[in-house]
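Structure first, then comments.
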Amino acid sequence: MNDIKHYINGQYVGSASGKLFDNINPANGRVISKVHEAGREEVDAAVQAAKAALRGPWGKMTLEQRTQILHKVADGINARFDEFLEAECLDTGKPKSLASHIDIPRGAANFKVFADMIKNVPTESFEMPTPDGTGALNYAVRRPKGVIGVISPWNLPLLLMTWKVGPALACGNTVVVKPSEETPTTTALLGEVMKDAGVPDGVYNVVHGFGGDSAGAFLTEHPDVDGFTFTGETGTGEVIMKAAARGIRDISLELGGKNAGLVFADCDMDKAIEGTMRSAFANCGQVCLGTERVYVERAIFDEFVTRLKAAAEGLKIGPPDDSEANMGPLVSLKHREKVLSYYQKAVDDGATVVTGGGVPDMPAELAGGAWVQPTIWTGLADDSAVVTDEIFGPCCHIRPFDTEEEAIELANSLPYGLASAVWTENVSRAHRVAGQIEAGIVWVNSWFLRDLRTPFGGSKQSGVGREGGVHSLEFYTEMKNVCIKL
Ligand SMILES: NC(=O)C1=CN([C@@H]2O[C@H](COP(=O)(O)OP(=O)(O)OC[C@H]3O[C@@H](n4cnc5c(N)ncnc54)[C@H](O)[C@@H]3O)[C@@H](O)[C@H]2O)C=CC1
Ligand SMILES: O=C(O)/C=C/C=C(\O)C(=O)O
C-alpha cells in the first residue's frame, strides 16, 4: 500500500508530525492508502514555495510559453488516462463508465480551454481628452492575483480541482491545493504530470488533510495566500469567507444547492424522465447541480411518478469495474449515515416511499461499502427538512403543481439558488420561466450540458462570484489600468 504525500516545491514530502490518515475505498470499506496530514509547517512550506515561484521562471514566462506548458499538462493527463481513472474510481467508488466520460476528460479539458481562452480575451482601452489638448490613453492589463488557495470537494475530485487550477495557472498564478480528505489521489498524481510537463517547482503545490483545525483551516488562515476558491457545503463557505476577510483576500465560492426541476404538462415526457433521472441519481446523487425537488404539473403527475420509479428501479448498482453498473456507492459510510438519516426523516414526516429508502443487498465482498438505494418520495410538506436541506444522495421528492406561477414560487422558495431544470416544449414558457428562476444556471430540456465558456456559480446562499469563461479570468487576475498622458 502506498503513502500519499504532499507535493511541495516540486517534491513529494511527508509530514513532519508523521501523522497519517486512511484513504478508504467506499465500494468495499477497505483502506486503499495512507495519507500524510499536513500541519501548519507543511502548509507554510507550500505557501512559501508558491509565493517564491511567482518571482521565478513561471513569473517570467511569456503567455505563449505558459499556455504551451498547460497544453502539455492536459496531454499528460490523457497519456495517463487509465491511471487517473483507476485512482478516481478507487477513491470515490463511481462507475468507470461515468468517470471515463466526465471526470477524467474534463480534468484534461480544464487546462486546454483556459490556456486558449487567456490568449484570446481582449482588455479595454479608452482614449480621453485632456485640457491641454494632447489627450491621454488608458489601457487595462491583467496581472496574476498571486498565490491561490484551492479547496476542493470529493464528489468530482479531479474535475472540480482542475476547474480551478486550470484557469489559475493560465492566468499566471501559483496554487496550493487542499483536496478533500476523502479523495486525495488524483490531486497527488497530478504533481507528476505537472513535473513532466515542465511546470516549474512551486507553481502547483498540494497539502493533504482535513478542514477545521487541519490543512484546510491552516491554508485559509495563512496570510500569504492572496485569494481562495472553494466548492463545497454552504456552512464551510461561510467559515472560509470569514478567514479570507482577514487581510481582505478575494473569494470565489460555489456552494450547496437544493435544486428544483419543473416539469410542465407540455414537456416531452421521454426527455423529462431521462434528464430528471440523471439529475437525481448520476454520481449517486452527489452533484451540487442535481435535482432533489421535482415539481410536476398535476395533469401528468401520476404518469411521471410511475415512469421515474421504473427508471430508478432499472439502475444497476455496482462497483467501478462493473461495466453494466450506472450507480456506485456514496463517498463514505459517514456520508451514508447523513443520507440515511434523511431517508428515515422522510418516513417520519409521512412521505410515501415510491421506491428505495434503504440499503441494497450487495455481495459479501462489497458489504462494507457505502451503498444506498435510489429513492423517490411523494407527499411531504414543503417545509420538511427532506425538501429543504441539501441531502447530496440519490434521492428526490416529487410534488404536483397547478400553475406556472406556483411552480416558479416553489422553485424560488429556498435560500439556495444554484441550478434548475425546466421541462417544456413551449419556447415562450421556457424563456418566461427561466427568466424568473433565482439560480445561477437554468437548463431547459437538458441537465449538466456544460459549455466551459459560460458563467458558472450560484446565487443566494449557493455561492459568491462566477467562474467559467471570462469570469474565471476575472477572478484569477487583477486588472490594472495604465493611463498615459500623451
Ligand atoms: N460540490 C458540492 O457542492 C459539495 C457539497 N457538499 C455538501 O457538504 C456536505 C458535507 O460534506 P463535506 O465533505 O463535509 O463538505 P465540506 O464543504 O466540508 O468539504 C469540502 C472541502 O472543504 C474542506 N473544509 C472543510 N472545512 C473546512 C474549513 N473549516 N476550512 C477550510 N477547508 C475546509 C474539506 O476538507 C474539503 O476539502 C455534503 O453532505 C454535501 O451536502 C460536499 C462536497 C461537495
Ligand atoms: O463544472 C462542472 O461541470 C461541474 C460542476 C459540478 C459541481 O460544481 C459540483 O457538483 O459541485
Side-chain angles (χ1 to χ4, degrees), residues 21 35 37-38 43 92 102-103 105-107 109-110 113 149-164 166-167 176-184 187 206-222 225 228-244 251-259 279 282-290 292 330-332 334-339 341-342 389-393 395 416 418-419 440-441 443 447-458 461-463 466-469 472:
F21 62 93
V35 188
E37 182 182 352
V43 172
T92 59
I102 296 187
D103 302 61
R106 259 294 295 284
N110 285 334
V113 166
V150 175
I151 300 178
S152 50
W154 41 255
N155 57 329
L156 299 160
L158 182 73
L159 186 158
L160 285 174
M161 181 266 295
T162 53
W163 168 245
K164 298 164 183 306
V176 179
V177 184
K178 209 300 281 169
S180 169
E181 53 274 29
E182 306 284 0
T183 53
T187 308
V206 181
V207 288
H208 299 286
F210 301 86
D213 200 26
S214 182
F218 303 154
L219 183 59
T220 56
E221 287 162 13
H222 200 295
V225 182
F228 296 96
T229 173
F230 167 73
T231 298
E233 198 190 16
T234 295
T236 311
E238 281 181 2
V239 174
I240 291 173
M241 200 170 180
K242 276 189 200 143
I251 44 159
S252 172
L253 304 177
E254 199 252 288
L255 307 174
K258 185 73 179 179
N259 310 304
S279 72
N283 209 35
C284 202
Q286 302 165 119
V287 183
C288 64
L289 311 159
E292 289 191 359
L330 291 168
V331 76
S332 65
K334 180 170 161 235
H335 187 49
R336 184 171 74 167
E337 260 177 54
K338 170 184 163 179
V339 172
S341 76
Y342 281 98
D389 294 358
E390 181 182 58
I391 300 174
F392 226 60
C395 54
Y416 291 117
L418 189 55
I441 304 147
W443 277 290
W447 179 76
F448 209 92
L449 201 49
R450 292 279 289 114
D451 181 327
L452 305 191
R453 295 168 298 184
T454 59
F456 183 86
Q461 290 180 22
S462 291
R466 294 290 180 273
E467 296 196 37
S472 293

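Just so you know, ligand 1 is whichever comes first in the structure, and atom 1 is the first atom listed for that ligand. Since the structure is predicted, the reported quantities are computational estimates derived from the model, not experimental observations.
- With contacts defined as side-chain heavy-atom distances shorter than 4.5 Å, the pair Pro179/Met161 does not qualify.
- Ordered by chain and residue number, the residues placing a heavy atom less than 4.0 Å from ligand 2 are Arg106, Asn155, Leu156, Leu159, Leu160, Thr231, Glu254, Val287, Cys288, Leu289, Phe448, Arg450, Phe456.
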- Should Ser252 and Glu467 be marked as a side-chain hydrogen bond (donor to acceptor under 3.5 Å, both in side chains) after you check the CA-CA gap, both sets of side-chain angles, and the distance that decides it? CA-CA 8 Å; Ser252 172; Glu467 296 196 37; 2.6 Å; yes
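- The nearest pair of heavy atoms linking Lys338 to Glu390 is NZ-O, 3.3 Å.
- Using a 4.5 Å cut-off on side-chain heavy atoms (C-beta onward), Arg450 and Arg106 make contact.
- Ile441 is listed as a side-chain neighbour of Phe456, based on a closest heavy-atom distance under 4.5 Å.
- When side chains are defined from C-beta on, Leu418 counts as touching Leu289, because their heavy atoms get closer than 4.5 Å.
- For the pair Phe392/Leu330, no side-chain contact is recorded, criterion being any heavy-atom separation below 4.5 Å from C-beta on.
- Counting only heavy atoms from C-beta outward, the side chains of Phe448 and Asn283 never approach each other to under 4.5 Å.
- For the pair Lys164/Ile151, no side-chain contact is recorded, criterion being any heavy-atom separation below 4.5 Å from C-beta on.
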One line per pair, note the atom names and distance for all nitrogen or oxygen contacts under 3.5 Å between ligand 1 and the protein.
from, atom 1, to, atom 2, distance (Å)
ligand 1, 1 (N), Asn155, OD1, 3.4
ligand 1, 1 (N), Asn155, ND2, 3.3
ligand 1, 13 (O), Trp154, NE1, 2.6
ligand 1, 17 (O), Glu233, N, 2.8
ligand 1, 17 (O), Thr236, OG1, 3.1
ligand 1, 18 (O), Thr236, OG1, 2.9
ligand 1, 35 (O), Lys178, NZ, 2.7
ligand 1, 35 (O), Glu181, OE1, 2.7
ligand 1, 37 (O), Ser152, O, 2.9
ligand 1, 37 (O), Lys178, NZ, 3.1
ligand 1, 39 (O), Lys338, NZ, 2.6
ligand 1, 41 (O), Lys338, NZ, 3.0
ligand 1, 41 (O), Glu390, OE1, 2.8

